[in-house]
Amino acid sequence: ELDRIINQMVHVAEYLEWDSTELRPILKEMMEEIDYDRDGTVTLEEWIRGGLTTIPLLVLLGMDTNVQEDGQHVWRLKHFNKPAYCNYCHTMLLGVRKQGLSCSLCKYTVHERCVSKDIAACISTYAKSRRHTNAMQHIWIEGNSPTKCDRCHRSIKCYQGLTGLHCVWCQITLHNKCASNVKPECDGGALRDHTLLPSYICPVVL
């Protein structure tokens with residue numbers, strides 16, 4: 001039964017023109033993990049216990065994962081036109097289509113095999129207390145920014161690995177060495193009048 005499920009998912013992936021080269025062994029490993037009694041079938045109880053909490057499997061099946069708390073990534077399979085690297089293991093994403101998973105919120109990018117690792121949390125969308133409502137600092141995501149540096153205006157060469165820093169909030173993109181010459185405070189950038197920054201939002205106790 002597991003093989004039939006895997007074949008069906010690979011067939012769907014190929015129909016959607018995803019790169020399925022590395023997909024089969026990843027699916028096999030994930031399905032075997034949720035087959036707790038190792039009988040070759042996945043019962044409803046096993047699916048509820050493991051399948052519904054296995055993020056890569058849900059993404060590969062095209063099922064949305066609801067954001068349960070602030071700081072949780074929202075993963076989507078993504079196709080990269082230029083060389084891209086995993087923010088966790090720092091190696092290149094390989095494949096022709098849909099090479100990896102990218103967070104829709106912060107753009108943190110990983111291999112399918114790395115998404116279940118102990119990766120960095122996503123951005124916070126509100127201040128946890130009034131003490132954190134002062135000046136906000138840049139939230140940098142490293143690499144996968146094939147564009148020009150906003151400080152020196154030279155190209156950031158994405159084929160050299162995880163190079164370049166991109167601020168999630170103000171959208172400024174810099175060389176790593178140029179970022180050291182920029183103030184740590186983030187003002188929201190050109191779209192600050194249209195963006196509700198986390199430092200403006202905090203819980204109110206009634």
Side-chain angles (χ1 to χ4, degrees), residues 18-19 55-56 59 64-65 67-128 132-202:
W18 295 354
D19 180 19
I55 293 174
V59 173
D64 290 330
T65 54
V67 179
Q68 298 177 354
E69 58 183 30
D70 200 45
Q72 181 177 331
H73 291 287
V74 179
W75 299 112
R76 294 291 183 271
L77 282 163
K78 184 176 180 179
H79 168 71
F80 295 89
N81 293 317
K82 296 185 178 181
Y85 292 80
C86 176
N87 284 108
Y88 178 79
C89 69
H90 297 181
T91 60
M92 183 181 287
L93 302 176
L94 302 177
V96 179
R97 298 181 179 89
K98 308 289 185 182
Q99 299 96 327
L101 297 168
S102 181
C103 177
S104 299
L105 301 179
C106 70
K107 309 307 178 187
Y108 193 92
T109 301
V110 293
H111 293 101
E112 290 96 333
R113 64 175 180 267
C114 294
V115 72
S116 299
K117 306 293 185 181
D118 186 21
I119 61 177
C122 191
I123 54 176
S124 294
T125 56
Y126 64 89
K128 300 303 184 286
H132 301 121
T133 57
N134 298 323
M136 190 178 74
Q137 295 190 341
H138 291 291
I139 304 297
W140 299 111
I141 298 295
E142 188 174 15
N144 304 320
S145 300
T147 184
K148 290 186 177 181
C149 175
D150 287 310
R151 181 175 174 82
C152 70
H153 306 295
R154 295 180 180 178
S155 296
I156 298 175
K157 298 177 181 180
C158 62
Y159 56 82
Q160 294 180 339
L162 276 175
T163 59
L165 297 170
H166 179 77
C167 178
V168 174
W169 294 110
C170 69
Q171 305 300 310
I172 188 174
T173 303
L174 304 168
H175 288 106
N176 294 60
K177 62 180 180 181
C178 291
S180 61
N181 298 317
V182 174
K183 293 181 179 180
E185 292 80 15
C186 177
D187 62 1
L191 298 177
R192 57 181 170 270
D193 294 334
H194 307 282
T195 304
L196 196 57
L197 299 176
S199 57
Y200 298 158
I201 308 171
C202 70

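The figures here come from the full heavy-atom set of this structure, side chains too, leaving out hydrogens, waters and symmetry mates.
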**Item:** Separation between CZ of Arg76 and OG1 of Thr109, rounded to the nearest 0.5 Å
**Value:** 14.0 Å

**Item:** Value rounded to 0.5 Å, distance of SG in Cys86 from CD in Gln99
**Value:** 13.0 Å

**Message:** Can you pull out every side-chain hydrogen bond (donor to acceptor under 3.5 Å, both in side chains) where at least one residue sits in residues 138-153? Sequence neighbours excluded, please.
**Reply:** Glu142-Asn176

**Request:** Check side chain to side chain donor-acceptor pair (under 3.5 Å) between Glu185 and all other residues, then give those that pass, not counting sequence neighbours.
**Result:** none

**Item:** Min side-chain heavy-atom separation Leu165-Thr173 under 4.5 Å
**Value:** no

**Request:** Would you check if His111 and Cys89 make a side-chain contact, meaning some heavy-atom pair closer than 4.5 Å?
**Result:** yes

**Asked** Taking all atoms of both residues into account, what is the closest heavy-atom pair of Gly100 and Leu93, and its distance?
**Response** CA-CD1, 4.3 Å

**Asked** If you look at every heavy atom in Glu112 and Leu77, which pair is closest and at what distance?
**Response** OE2-CD2, 3.8 Å

**Message:** Test of understanding: with ring-ring contact (aromatic ring centres under 6.0 Å, His included), list the residues that count as partners of His175, not counting sequence neighbours.
**Reply:** none

**Listed once per pair and sorted, the side-chain hydrogen bond (donor to acceptor under 3.5 Å, both in side chains) pairs that draw on residues 81-92, sequence neighbours left out** = His79-Asn81

**Fill in**
Here the pair of heavy atoms bringing Cys170 nearest to Gly189 is CB-N, 3.4 Å

**Asked** Going through the checks in order, is the side chain to side chain contact (heavy atoms under 4.5 Å, CB included) test met by Cys106 and His73?
**Response** CA-CA 8 Å; Cys106 70; His73 291 287; 3.5 Å; yes

**Message:** Could you report the tightest heavy-atom contact between Ser180 and Lys177, atom names first, then the distance?
**Reply:** OG-O, 2.7 Å

**Prompt:** To the nearest 0.5 Å, what is the distance between SG (Cys103) and CD1 (Ile141)?
**Reply:** 8.0 Å

**Item:** Separation of Ile156 CD1 from Leu174 CG (nearest 0.5 Å)
**Value:** 7.0 Å

**Item:** Atom pair CD (Gln72) and SG (Cys122), whose distance is rounded to the nearest 0.5 Å
**Value:** 9.0 Å

**Prompt:** Excluding sequence neighbours, so at least two apart, what forms side chain to side chain donor-acceptor pair (under 3.5 Å) with Thr163?
**Reply:** none

**Nearest heavy atoms of Pro198 and Trp169, plus distance in Å** = CG-CZ2, 3.2 Å

**Request:** Take Trp75 and Val110 through the test side chain to side chain contact (heavy atoms under 4.5 Å, CB included) and record every step on the way to the result.
**Result:** CA-CA 10 Å; Trp75 299 112; Val110 293; 3.8 Å; yes

**Request:** Tell me, please, which residues at least two apart from Gln137 pass side-chain contact (heavy atoms from CB on, under 4.5 Å).
**Result:** Pro184

